[in-house]
Chemist: 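The structure follows.
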Amino acid sequence: MDKSIAVSQDLENIITDIAEVARILWKLGWAESNAGNISVNVTEHIPEDIRELNKFPSKEIDKSYPELSGFSFFITGAGARMRDLAKEPSGNACILRIAEKSNRYHILWGRRSELGFEPTSEIHSHLSIHRFLLEKKAPQKVIIHAHPEELIALTHVKEYKQESKLNRLLWSMNPVAKIIIQKGVGLVPYCVPGSDELAQATIKALEKHDVVLWEKHGCLAIGTDMLETFDRVDILNKAARIFLACKSAGLAPEGLSDAQLDELERLFWSKK
Ligand code: 13P
Ligand code: ZN
């Protein structure tokens, strides 16, 4: 028996944006095989009093999230390919609602657990970050994790494992990065993919940044909507690409000077 909540126009629009970003991630080569995962806090688009909640299939998580009880999230599936998500969101993701018993969730929409569906293996990063954002009453509801090649390449280079050096490099390669990514990118030292250790280290980095790099693995960004969140990573990866294009041509890139970067800061950064 297929049980699914009615999808409002607003929720439909969010799912359309997710599919669009999934398609772009695949086209850019940032989502090889099943790489990458996406979640969005969609609680405000879910009717508060879902009747007969127990009729929606429920499943256990190996960790409890009491603060998220009653909250609903669009979340991609473990092993789901971005290229498939782009074509068929409901077959490659679900909307889950954390149950009262907070180590369980109900699937309200999308692919069912009885069809072998499991939320992304990075579920602990996603849920821990949503909990962190809710605690801070932060406006961000979107989390995108992807594998942008050139940014990852830089995390393999000793010199750029220092946040200050990495940000100086990225800002100096693309003025838009300096204007838009004012908090710079955070660096999360390598942790096993899908681990709680990775989730905790990511939250620490998100105290100061909206985009973080997972050393030798990928990138994770938070934002208020799908396309804006994607754009931030795209801007940063462009900076990395320009740098590596010069290097692979055997050229030494000059980059924006300190004075030029200071000028952008004066002109564009908020004065708060
Ligand atoms: P999932 O398919 O479980 O989402 O994993 C992809 C990934 O990129 C892990 O970091
Ligand atoms: Zn990954």
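All values derive from a computational prediction rather than experimental measurement. We count ligands from 1, going down the list as the structure has it; atoms in each ligand are counted the same way.
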Chemist: Which N, O or S atom name in His145 marks its closest approach to the Zn ion (ligand 2)?
Modeler: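 For His145, the N, O or S atom at the smallest distance from the Zn ion (ligand 2) is NE2.
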
Chemist: For atom 6 (C) of ligand 1, find the nearest protein heavy atom and state the residue, atom name and distance (0.1 Å precision).
Modeler: Asn34 O, 3.4 Å

Chemist: Tell me, which protein residue and heavy-atom name are nearest atom 7 (C) of ligand 1, and how many Å apart are they?
Modeler: Asn37 ND2, 3.5 Å

Chemist: Looking at Lys238, I want to see if its NZ is surrounded by more than 12 non-hydrogen atoms of other residues, nucleotides or ligands under 6.0 Å.
Modeler: no

Chemist: Which residue, Asp196, Thr202, Asp62, forms the side chain to side chain donor-acceptor pair (under 3.5 Å) with His124?
Modeler: Asp62

Chemist: Test your reading of the structure: does Pro193 have an N or O sitting under 3.5 Å from an N or O of ligand 1?
Modeler: no

Chemist: Within this structure, what is the CG-CD distance for the pair Leu28 and Glu149, rounded to the nearest 0.5 Å?
Modeler: 10.0 Å

Chemist: Tell me whether Thr76 has any N or O atom under 3.5 angstrom from an N or O of ligand 1.
Modeler: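 No: no nitrogen or oxygen of Thr76 is under 3.5 Å from one in ligand 1.
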
Chemist: When you compare the side chain of Met82 with that of His147, does any pair of heavy atoms fall below 4.5 Å?
Modeler: no

Chemist: Which value, rounded to the nearest 0.5 Å, describes the distance between Ser8 atom OG and His45 atom NE2?
Modeler: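 NE2 of His45 is found 6.5 Å from OG of Ser8.
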
Chemist: At what distance is the nearest protein heavy atom to atom 9 (C) of ligand 1, and which residue and atom is it?
Modeler: Glu122 OE2, 3.2 Å

Chemist: Less than 4.0 Å is my threshold; does some heavy atom of Glu118 fall inside it relative to ligand 1?
Modeler: no

Chemist: Output a table of donor-acceptor pairs, distance under 3.5 Å, between side-chain atoms of residues 33-44 and any protein atom two or more places apart or on a different chain; print 'none' if there are none.
Modeler:
residue : atom : partner : partner atom : Å
Asn37   : OD1  : His126  : NE2          : 2.8
Asn37   : ND2  : Thr120  : OG1          : 3.1
Ser39   : OG   : His126  : ND1          : 2.7
Ser39   : OG   : His130  : NE2          : 2.8
Asn41   : OD1  : Thr43   : N            : 3.1
Asn41   : OD1  : Thr43   : OG1          : 2.6
Thr43   : OG1  : Ser72   : N            : 2.9
Thr43   : OG1  : Ser72   : O            : 3.3

Chemist: What is the nearest protein non-hydrogen atom to atom 4 (O) of ligand 1, stated with its residue, atom name and distance?
Modeler: Thr120 OG1, 2.7 Å

Chemist: Which is closest to atom 5 (O) of ligand 1 in terms of heavy atoms, Ser33, Gly79, Ser121, Ala35?
Modeler: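 Among Ser33, Gly79, Ser121, Ala35, the closest heavy atom to atom 5 (O) of ligand 1 belongs to Ser121.
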
Chemist: Give the residue and atom name of whichever protein heavy atom lies nearest to atom 8 (O) of ligand 1, and the separation in Å to one decimal.
Modeler: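 Looking only at protein heavy atoms, the one closest to atom 8 (O) of ligand 1 is Gly36 N, 2.9 Å.
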
Chemist: Does any N or O of ligand 1 fall below 3.5 Å from an N or O anywhere on Trp214, backbone included?
Modeler: no

Chemist: Can you tell me how far the CG atom of Leu251 sits from the CZ atom of Phe243, to the nearest 0.5 Å?
Modeler: 11.5 Å

Chemist: Please check: side-chain N/O of Trp269 versus main-chain N/O of Lys178, any donor-acceptor pairing under 3.5 Å?
Modeler: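 Checked: pair present.
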
